[in-house]
Amino acid sequence: MAPSFDNGSSLFNFVVRDGNGVKGMVDSGISKVPQAYIQPLAEQIDKNNASKHGQPPIDLSRLDGPDHDEVAKEIVRAAETLGFLQIVNHGVPVDLLESLKDTAHNFFSLPTERKAVYRTEVSPTPLVKYGTSFVPAKEKALEWKDYISMVYTNDAEVLEHWPIECREVALEYLKTSLDMVKKLLEVLMENLGVKLDDSKIDSLIGRKTVNMNFYPTCPNPELTVGVGRHSDMGILTVLLQDGIGGLYVNIPEDADIGKKGEWVEIPPFPGALVINVGDMLQILSNGKYKSAEHRVRTTSSKSRVSIPIFTIPKPTEKIAPLPQVVEKDGIAHYREFVLADYMNNFFGNPHDGKKSLDFARI
């Protein structure tokens with residue numbers, strides 16, 4: 001029997017400690033959002049007040065033909081302004097994308113005890129973590145999301161440690177996405193006047209993680225959020241969103257597009273993948289590329305899934321603005337640091353917009 005969700009500690013124990021997640025709470029038959037999930041007014045998402053991102057997806061296959069320069073400009077422009085772009089003809093089979101969405105729904109439909117074995121405190125492997133919200137022990141209001149996170153090391157460890165229910169399709173998604181990530185990085189680096197060899201590009205995306213996020217139906221979507229305001233930590237994020245939508249990006253203060261500070265919805269486009277710039281790419285570019293501040297709305301009609309791939313350098317890497325860019329700019333806007341220290345800061349605090357970048361700012 002489910003506890004009283006009006007009681008903060010019994011809700012926390014049921015949802016977080018026991019691994020039932022938001023899904024377990026919703027399955028128990030709640031009719032309203034519990035107090036622990038109600039966001040401050042300033043953080044609630046008014047979908048009627050947000051415009052839709054009207055740019056058509058970029059056709060990545062055109063990079064390999066006579067339109068290369070035009071497509072490269074579109075990619076650079078997106079990275080310099082919103083930090084987000086949608087791409088089609090990206091090299092990841094569309095039927096694989098459909099299979100991924102089905103696999104994610106199936107995984108979160110498993111009994112709690114099958115998923116809860118991967119909770120941080122008890123997971124048999126550091127490569128797999130099942131959880132809910134972001135940093136639930138420190139958050140003033142919880143986020144309406146459950147997730148499974150799978151770190152890639154090598155194929156053998158994936159087959160040994162990732163959950164059997166999703167490992168094959170998740171691994172194929174990761175492998176078929178990497179060429180696209182490298183192509184995008186080459187374009188973005190070339191625009192900075194930096195030529196990176198394969199080994200340097202590989203080191204920038206040396207740690208790769210596949211997440212499956214699950215946003216159960218919500219009785220009062222306007223009161224809570226699926227994910228709060230944040231930017232991603234890494235280099236580039238590849239995101240598959242389903243057809244329901246709910247992803248919003250903030251227009252930066254220094255962007256020359258749209259209304260500054262406005263939230264823009266990124267509508268789902270069939271067969272497309274969303275790419276967003278992460279903090280590490282903003283730092284490497286000395287601020288030329290913008291890590292996208294984004295958040296996710298919940299929905300009352302249908303459960304939603306999204307499947308991101310996070311590409312980041314290895315935790316032991318030293319990160320600093322690229323010297324070629326600093327030389328042109330005449331000043332570095334970020335200090336050098338070891339990525340592991342940034343990660344500890346990032347994962348140790350609740351989502352709070354782009355505050356994570358303050359760790360590296362000079």
Side-chain angles (χ1 to χ4, degrees), residues 58 60-65 67-85 87 89-92 151-154 174-210 231-239 273-292 308-343 357 360 362:
I58 294 170
L60 202 65
S61 66
R62 293 171 62 222
L63 257 187
D64 298 327
D67 299 333
H68 176 278
D69 290 356
E70 183 191 332
V71 176
K73 274 184 190 161
E74 289 176 24
I75 292 167
V76 166
R77 167 96 175 132
E80 288 178 340
T81 53
L82 206 54
F84 254 92
L85 58 150
I87 55 173
N89 293 325
H90 36 60
V92 183
V151 177
Y152 178 83
T153 45
N154 57 60
L174 173 62
K175 291 196 156 187
T176 51
S177 296
L178 287 180
D179 276 351
M180 165 189 60
V181 170
K182 289 175 184 177
K183 273 185 189 175
L184 292 168
L185 262 183
E186 280 166 12
V187 166
L188 293 169
M189 290 297 161
E190 199 172 288
N191 176 64
L192 298 174
V194 178
K195 180 75 177 150
L196 298 179
D197 59 28
D198 288 348
S199 67
K200 182 59 181 168
I201 285 184
D202 286 342
S203 76
L204 287 179
I205 56 171
R207 181 183 167 101
K208 295 166 277 284
T209 304
V210 182
S231 54
D232 292 343
M233 189 195 68
I235 296 286
L236 289 174
T237 299
V238 178
L239 176 75
L273 288 167
V274 176
I275 307 292
N276 69 277
V277 172
D279 290 352
M280 292 309 110
L281 189 51
Q282 176 163 330
I283 291 166
L284 289 169
S285 70
N286 205 31
K288 284 205 168 39
Y289 300 139
K290 308 291 189 288
S291 63
I309 297 171
F310 300 107
T311 64
I312 66 173
K314 288 192 171 158
T316 51
E317 290 273 333
K318 285 184 177 173
I319 306 293
L322 292 160
Q324 300 95 320
V325 185
V326 174
E327 192 179 334
K328 272 190 213 159
D329 293 349
I331 186 171
H333 299 300
Y334 304 93
R335 64 181 178 84
E336 184 181 81
F337 56 89
V338 175
L339 181 61
D341 296 333
Y342 194 98
M343 289 174 74
L357 275 163
I362 292 175

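All values below were derived from every heavy atom in this structure, side-chain atoms included, with hydrogens, water molecules and symmetry-related copies excluded. What you are looking at is a predicted structure, and each value in this text was computed from that prediction instead of being measured.
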Requested in this report: Starting from the C-alpha separation in whole Å, work towards a yes-or-no answer on side chain to side chain contact (heavy atoms under 4.5 Å, CB included) for Asp202 and Lys182.
Outcome: CA-CA 8 Å; Asp202 286 342; Lys182 289 175 184 177; 3.2 Å; yes
Can you confirm whether [X] sits close enough to [Y] that some side-chain heavy atom of one is under 4.5 Å from a side-chain heavy atom of the other?
X: Ile275; Y: His90; result: no
X: Val76; Y: Leu188; result: yes
X: Val181; Y: Lys208; result: no

Check side-chain hydrogen bond (donor to acceptor under 3.5 Å, both in side chains) between [X] and all other residues, then give those that pass, not counting sequence neighbours.
X: Ser285; answer: none
X: Ser291; answer: Asp279, Gln282, Lys354
X: Lys73; answer: none

Residue pair [X] / [Y]: nearest heavy atoms and the distance that separates them:
X: Ile235; Y: Pro313; value: CG1-CD, 3.8 Å
X: Ile283; Y: Ala360; value: CD1-CB, 3.9 Å
X: Val326; Y: Pro321; value: CG2-CB, 3.5 Å
X: Arg335; Y: Ile362; value: N-CG1, 3.5 Å
X: Ala78; Y: Leu85; value: CB-CB, 3.8 Å

Query raised in the report: According to the salt bridge (charged side-chain N to carboxylate O under 4.0 Å, His left out) rule, which pairs have a member within residues 280-289, sequence neighbours left out?
Result: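 Every pair satisfying salt bridge (charged side-chain N to carboxylate O under 4.0 Å, His left out) with a residue in residues 280-289: Lys288-Asp329.
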Report task. Return each pair, listed once, that meets salt bridge (charged side-chain N to carboxylate O under 4.0 Å, His left out) where at least one residue sits in residues 308-323; pairs must be two or more places apart or across chains. Result -> none
Query raised in the report: Can you list the residues that meet the salt bridge (Lys or Arg N to Asp or Glu O under 4.0 Å) rule with Asp64, with sequence neighbours excluded?
Result: Lys183
Atom [atom1] of [X] and atom [atom2] of [Y]: how far apart are they, to the nearest 0.5 Å?
X: Asn276; Y: Asp232; atom1: CG; atom2: CG; result: 4.5 Å
X: Leu239; Y: Phe84; atom1: CG; atom2: CZ; result: 7.0 Å
X: Leu273; Y: Thr237; atom1: CG; atom2: OG1; result: 12.0 Å
X: Leu357; Y: Met233; atom1: CG; atom2: CE; result: 11.5 Å
X: Thr81; Y: Lys290; atom1: OG1; atom2: NZ; result: 8.5 Å
X: Leu281; Y: Leu192; atom1: CG; atom2: CG; result: 8.0 Å

Query raised in the report: Got more than 12 heavy atoms from elsewhere within 6.0 Å of CD, Glu336?
Result: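 For Glu336, atom CD is crowded (more than 12 foreign heavy atoms under 6.0 Å).
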Report task. Flag yes if more than 12 heavy atoms outside Asp198 fall under 6.0 Å of its CG atom; otherwise flag no. Result ->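 At most 12 heavy atoms, drawn from other residues, nucleotides or ligands, come within 6.0 Å of this atom.
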Query raised in the report: Given the rule in the side chain to side chain contact (heavy atoms under 4.5 Å, CB included) test, do Leu284 and Val194 qualify, once you have shown the distances and angles that lead to the verdict?
Result: CA-CA 11 Å; Leu284 289 169; Val194 178; over 6 Å; no
Report task. Go through the steps to decide whether Glu80 and Asn191 satisfy the test side chain to side chain contact (heavy atoms under 4.5 Å, CB included), and finish with yes or no. Result -> CA-CA 11 Å; Glu80 288 178 340; Asn191 176 64; 3.7 Å; yes
Requested in this report: Could you list the residues that satisfy ring-ring contact (aromatic ring centres under 6.0 Å, His included) with Tyr289, not counting sequence neighbours?
Outcome: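 Here no residue qualifies.
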Report task. Tell me, please, which residues at least two apart from Tyr342 pass ring-ring contact (aromatic ring centres under 6.0 Å, His included). Result ->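 Here the qualifying residues are Phe337, Phe359.
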The criterion is side chain to side chain contact (heavy atoms under 4.5 Å, CB included); which residues satisfy it with [X], sequence neighbours excluded?
X: Glu190; value: none
X: Glu74; value: Ile58, Arg62, Glu70
X: Val151; value: Leu127, Arg207, Thr209
X: Ile331; value: His333

Report task. Evaluate the side chain to side chain contact (heavy atoms under 4.5 Å, CB included) criterion for residues Val92 and Val238: first the C-alpha distance (whole Å), next the side-chain angles of each, then the deciding distance (0.1 Å), finally the verdict. Result -> CA-CA 11 Å; Val92 183; Val238 178; over 6 Å; no
Query - Result of checking Asn89, Leu60, Leu236, Leu185 against Met180 for side chain to side chain contact (heavy atoms under 4.5 Å, CB included) - result: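 Per the side chain to side chain contact (heavy atoms under 4.5 Å, CB included) rule, the option paired with Met180 is Leu60, out of Asn89, Leu60, Leu236, Leu185.
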